A.B. asks: 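Encoded as structure tokens, here's the structure I'll be asking about.
If you're wondering where the values come from, they're calculated on a predicted model, not measured in any experiment. Keep in mind that the numbers below use all heavy atoms, side chains included, and drop hydrogens, waters and symmetry copies.
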Amino acid sequence: PLSVEQQIAVIYLGANGFLDDVPVAKITETERSFYDFMTANHGDILTELADKKVLDEALEKRLADACQAFINEIAA
């Protein structure tokens with residue numbers, strides 16, 4: 001089972017088009033990589049999501065930036 005903050009982050013990743021260029025066959029692997037990436041590099045965002053359980057404008061901007069950094073990393 002995923003934590004609430006992981007669910008919010010991965011739903012945001014998919015719902016906002018960050019996964020559009022990822023082949024369907026690689027979605028599960030990409031999802032696992034995303035959790036590792038967020039934990040290692042953006043644990044503060046996950047902690048804030050866990051505490052607030054709401055995505056305000058500032059937190060959404062940070063999450064969007066983290067998602068873009070992840071996509072850039074896997075595309076490299």
A.B. asks: Side chains of residues 61-68: which donor-acceptor partners sit under 3.5 Å, not counting sequence neighbours?
C.D. replies:
{"from": "K61", "atom 1": "NZ", "to": "D65", "atom 2": "OD1", "distance (Å)": "3.0"}
{"from": "K61", "atom 1": "NZ", "to": "D65", "atom 2": "OD2", "distance (Å)": "2.8"}
{"from": "R62", "atom 1": "NH1", "to": "E48", "atom 2": "OE1", "distance (Å)": "2.7"}
{"from": "R62", "atom 1": "NH2", "to": "D44", "atom 2": "OD2", "distance (Å)": "2.9"}
{"from": "R62", "atom 1": "NH2", "to": "E48", "atom 2": "OE1", "distance (Å)": "3.4"}
{"from": "Q68", "atom 1": "NE2", "to": "N72", "atom 2": "OD1", "distance (Å)": "2.9"}

A.B. asks: Not counting sequence neighbours, list each pair that qualifies as a ring pair (Phe, Tyr, Trp, His ring centres under 6.0 Å) and has a residue in residues 52-72.
C.D. replies: F34-F70, F37-F70

A.B. asks: Flag the pair H42 / T47 as yes when at least one side-chain heavy-atom distance between them is below 4.5 Å, and no otherwise.
C.D. replies: no

A.B. asks: Side chains of L49 and V4: closer than 4.5 Å at any heavy-atom pair?
C.D. replies: no

A.B. asks: So does K52 pair up with D56, basic N to acidic O under 4.0 Å?
C.D. replies: yes

A.B. asks: With rounding to the nearest 0.5 angstrom, report the CG to CD1 distance, L55 to I45.
C.D. replies: 10.0 Å

A.B. asks: Using residues 11-29 as the side-chain source, report each donor-acceptor pair under 3.5 Å to any protein atom, sequence neighbours left out, with the distance given to one decimal.
C.D. replies:
{"from": "Y12", "atom 1": "OH", "to": "E60", "atom 2": "OE2", "distance (Å)": "3.2"}
{"from": "N16", "atom 1": "ND2", "to": "Y12", "atom 2": "O", "distance (Å)": "2.9"}

